Amino acid sequence: MRQVNGDQLVGRIVECEAYCGPTDLASHARAGLTRRTAPMYGPVGHAYVYLVYGMHHCLNVVARSEELVAGAVLLRALEPVAGIELMRVRRGRTNDPDSRLCSGPARLTQALAIDRRLDGHDLTAGVDLWLSAGEGLRQTESVAVGPRVGVAYAGPEWAGRPWRFRLDGNRSVSR
DNA sequence: CTCTCGATGCGCT
DNA sequence: GCGCATCGAGAGA
């Protein structure tokens with residue numbers, strides 16, 4: 001859920017990827033605890049927002065298991081639920097179907113007006129940007145699992161990990 | 001200080 | 001299917 005200028009933009013998470021700490025060579029956390037990666041080493045449930053390719057923002061939720069010192073989940077796609085026309089305006093693509101407005105990590109941040117000002121933001125506080133429990137899987141839905149996208153540089157061992165999760169067949173997942 | 005290169009998306013071919 | 005935009009983090013000197 002995103003609140004900007006009194007408007008509420010709502011999306012349902014339909015695709016994400018896990019990044020598992022310093023030993024995961026595909027994770028920014030491999031650089032150790034730095035100014036940039038600090039959120040991943042901080043409190044769970046906070047945001048880690050970074051800039052890729054000099055122009056796109058990506059939103060992560062800080063998360064980790066007991067044995068991990070750092071970690072995050074990259075939000076890769078949302079199914080637009082409310083504030084859809086505002087998302088379309090934010091995207092500047094008036095002809096895109098609803099299902100394409102948030103179908104990519106940088107698309108969803110653009111649609112929801114998310115940038116690095118929200119880096120470190122507490123996603124559990126219910127202010128500006130937050131997570132809320134949905135209704136889970138619907139009757140006919142199932143989760144498809146596969147390797148993460150765009151991390152070949154990490155080498156086959158890490159790029160091959162099946163740490164990408166998406167709703168099978170959902171039209172709002174990334175291409 | 002300088003160099004390299006990316007957790008991507010778009011527009012054109 | 002391919003090239004490119006655009007900038008800062010991190011690494012090396």
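The structure presented is a predicted model; accordingly, all values stated were derived computationally and were not measured. Chain letters run A, B, ... following the sequence lines, proteins first, then strands; residues in each count from 1.
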Picking from dA7(B), dG10(C), dG8(C), the nucleotide nearest the side-chain atoms of T34(A) would be dG10(C)
For the base of dA9(C), is there a side-chain donor-acceptor partner from Y50(A) under 3.5 Å away?
no
Looking at R76(A) and E15(A), is there a salt bridge between them, counting it only when a charged N and a carboxylate O are closer than 4.0 Å?
yes
Checking all strands, does S174(A) fall into the base, sugar-phosphate, or nothing category for heavy-atom contacts under 4.0 angstrom?
nothing
In sequence, state the C-alpha distance, the side-chain angles, and the governing distance for S99(A) and E79(A), and then conclude on side-chain hydrogen bond (donor to acceptor under 3.5 Å, both in side chains).
CA-CA 6 Å; S99(A) 62; E79(A) 183 179 85; over 6 Å; no
Should E141(A) and R166(A) count as an ion pair when the cut-off is N to O under 4.0 Å?
no
Sugar-phosphate only, base, or nothing, as touched by R116(A) at under 4.0 Å among non-hydrogen atoms:
sugar-phosphate
Suppose we define a pair by two distances each less than 3.5 Å, Watson-Crick or G-U wobble; what does dA13(C) pair with here?
none
Classify the nucleic acid contact of R107(A) as base, sugar-phosphate or nothing, counting any heavy atom under 4.0 Å across all strands shown.
sugar-phosphate
Residue Y153(A), side-chain heavy atoms: nucleotide from dA7(B), dG9(B), dG10(C) that is nearest
dA7(B)
Kindly say if R76(A) contacts the phosphate of dT8(B), meaning a side-chain N or O under 4.0 Å from OP1 or OP2.
yes
So A106(A), base contact, sugar-phosphate only, or nothing? Heavy-atom distance under 4.0 Å.
sugar-phosphate
Is R148(A) touching bases, backbone alone, or none of the nucleic acid, heavy atoms closer than 4.0 Å?
nothing
Protein-nucleotide distance (D96(A), atom CG; dG9(B), atom P), rounded to Å:
12 Å
What distance separates L74(A) CG from H28(A) NE2, expressed to the nearest 0.5 Å?
9.0 Å
For R175(A), report the nucleic acid contact type (base, sugar-phosphate, nothing); a contact means any heavy atom under 4.0 Å.
nothing
Touch class at under 4.0 angstrom, heavy-atom based, for R91(A) against every strand present:
sugar-phosphate
Between dA7(B) (P) and D24(A) (CG): distance, integer Å:
11 Å
Does the structure place the NZ or CZ of R36(A) under 6.0 Å from the centre of the six-membered ring of Y48(A), at an angle of no more than 45° from the ring's axis?
no
Do H28(A) and dA9(C) share a donor-acceptor pair, side chain to base, under 3.5 Å?
no
